[in-house]
Trainee: 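What follows is a single structure, and I will ask about it in a moment.
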Amino acid sequence: MARDPGTRSSDLGRPGPARLPLPRSEVELLQRADALAGRRLADIAAEHGVVVPPDLRHHKGWVGDLIETALGARGAGRAGPDLPELGIEIKSIPVNQRGRPRQSTWVCSTPMGGSDLGPWSGSPVRAKLRRVLWMAIAGDGPPGERWIGAPILWSPTAAQEELLATDWEVLAELVSEGLVWQWKAQHGKALQIRPKAARGDDWVWVIDQEAEWVRTVPLGLYLRASFTARVLATEPRLLTPR
DNA sequence: ATCTGATCATAC
DNA sequence: GTATGATCAGAT
């Protein structure tokens, strides 16, 4: 089918104003984030020509995508931080009435290939969490009726980084021993390893302790809600941003 | 209420 | 298929 050369496929189904340019500085990003604080997702979506789904059952990444669009960050599909020039990752996190996270937070897929994951200093977890803009999402009704809390630009404290590093070292050791496929979700103080797949029958091959190939589900690394809760607790106006 | 295994949509 | 964005939904 003929396609209007001016229409990018990523814009199909997203009529309305052109995308915001990338924020050029941390200050500009925070100004945009502050301007979103306290606002309903339906109103923000309308401004960007985004259709609001009735629920998130079939649109699990909708809130995250909307927030990125509203902040002028990249669309989905590209690797690396959301804002490569600023080195900032944007995470939307659903919170309850007390401002505590309602979910764990996706970090990255669990590296299972190879025998040496390397030190914490070079880990993908550290790279991804080096600087994060947390956007709390309050409300538990329909997506459009939820609203945005006070933004938090965060880098791990020394104590938090030590917690993460310890978990990483344990993971690296398990992988080197060919035991990562045995890792249970309850391992890890801050990080958690859980299945991360598009389908229940997805699998990957890894080498076990006896150097045999074994089949396991793809795994992902998540931040525990208890860890994220301590990050969000540093912002007293999380739920009352305006 | 929390935890954890399972799952959904889209871009490339 | 891999990466992005996560939430769902049943078990505990």
Trainee: In whole angstrom, give the distance that lies between atom CG of A/Leu133 and atom P of C/dG5.
Mentor: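 Checked: the CG to P distance equals 13 Å.
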Trainee: What does the B/S/- profile of nucleotides 6-12 of chain C look like, 5' to 3', with a 4.0 Å heavy-atom cutoff to protein?
Mentor: BBBS---
Trainee: Find which nucleotide of DNA chain B each of A/Arg100 and A/His58 is nearest to by heavy atoms, and output the residue with the more 5' nucleotide.
Mentor: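 By nearest-heavy-atom nucleotide position, the 5'-most residue is A/Arg100.
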Trainee: Please state whether the phosphate of B/dT4, meaning OP1 or OP2, lies under 4.0 angstrom from any side-chain nitrogen or oxygen of A/Gln192.
Mentor: yes
Trainee: Can you sort out the partners of A/Trp106 under ring-ring contact (aromatic ring centres under 6.0 Å, His included), two or more places apart, ordered by chain and number?
Mentor: A/Tyr222
Trainee: Report the distance from atom CG of A/Leu223 to atom P of B/dC3, rounded to the nearest whole Å.
Mentor: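 These atoms are roughly 14 Å apart.
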Trainee: Is there a donor-acceptor contact under 3.5 Å from the side chain of A/Arg194 to the main chain of A/Gly220?
Mentor: no
Trainee: I'd like to check the salt bridge (Lys or Arg N to Asp or Glu O under 4.0 Å) partners of A/Asp43; sequence neighbours left out, ordered by chain and number.
Mentor: A/Arg40
Trainee: Which residues end up grouped with A/Ile207 if you chain together Ile, Leu, Val, Met, Phe, Trp and Tyr wherever their side-chain heavy atoms are less than 4.5 Å apart?
Mentor: A/Trp203, A/Trp205, A/Trp213
Trainee: Counting only pairs under 3.5 Å, give me each side-chain donor-acceptor contact of residues 123-133 of chain A, with atom names and distances, residues two or more places apart or in other chains.
Mentor:
{"residue": "A/Ser123", "atom": "OG", "partner": "A/Trp120", "partner atom": "O", "Å": "3.0"}
{"residue": "A/Ser123", "atom": "OG", "partner": "A/Arg126", "partner atom": "N", "Å": "3.1"}
{"residue": "A/Arg126", "atom": "NE", "partner": "A/Glu161", "partner atom": "OE2", "Å": "2.8"}
{"residue": "A/Arg126", "atom": "NH1", "partner": "A/Ser121", "partner atom": "O", "Å": "3.3"}
{"residue": "A/Lys128", "atom": "NZ", "partner": "A/Val107", "partner atom": "O", "Å": "3.0"}
{"residue": "A/Arg131", "atom": "NE", "partner": "A/Glu26", "partner atom": "OE1", "Å": "3.1"}
{"residue": "A/Arg131", "atom": "NH1", "partner": "A/Ser155", "partner atom": "OG", "Å": "2.9"}
{"residue": "A/Arg131", "atom": "NH2", "partner": "A/Glu26", "partner atom": "OE2", "Å": "3.0"}

Trainee: To the nearest Å, how far apart are A/His187 NE2 and B/dT4 C1'?
Mentor: 14 Å
Trainee: Looking at C/dA3, I'd like to know if its phosphate oxygens (OP1 or OP2) sit under 4.0 Å from a side-chain N or O belonging to A/Lys128.
Mentor: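 No, A/Lys128 has no side-chain N/O under 4.0 Å of OP1/OP2 on C/dA3.
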Trainee: In whole Å, what is the span from the CG atom of A/Asp202 to the P atom of C/dA3?
Mentor: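 Computing the A/Asp202:CG to C/dA3:P distance gives 13 Å.
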Trainee: For A/Gly200 and for A/Asn96, locate the closest nucleotide of DNA chain B by heavy-atom distance; then report the residue assigned to the nucleotide nearer the 5' terminus.
Mentor: A/Asn96
Trainee: Would you mind reading off the distance between A/Ile193 atom CD1 and B/dT4 atom P, rounded to a whole angstrom?
Mentor: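 Answer to the nearest Å: 13 Å.
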Trainee: Taking atom P of C/dA3 as reference, at what distance in whole Å does atom CG of A/Leu219 sit?
Mentor: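 For the pair A/Leu219 CG and C/dA3 P, the rounded distance is 13 Å.
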Trainee: Of all residues at least two apart in sequence or in a different chain, which pass the side chain to side chain donor-acceptor pair (under 3.5 Å) check with A/Gln160?
Mentor: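 Listed in chain order: A/Trp154, A/Thr157.
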Trainee: When the distance from CD of A/Gln97 to C1' of B/dT2 is rounded to whole Å, what number comes out?
Mentor: 16 Å
Trainee: What is the separation between atom CZ on A/Arg199 and atom C1' on C/dT2, rounded to the nearest whole Å?
Mentor: 16 Å
Trainee: Do A/Lys189 and A/Glu162 meet the salt-bridge criterion of a basic N to acidic O distance under 4.0 Å?
Mentor: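 A/Lys189 and A/Glu162: not salt-bridged.
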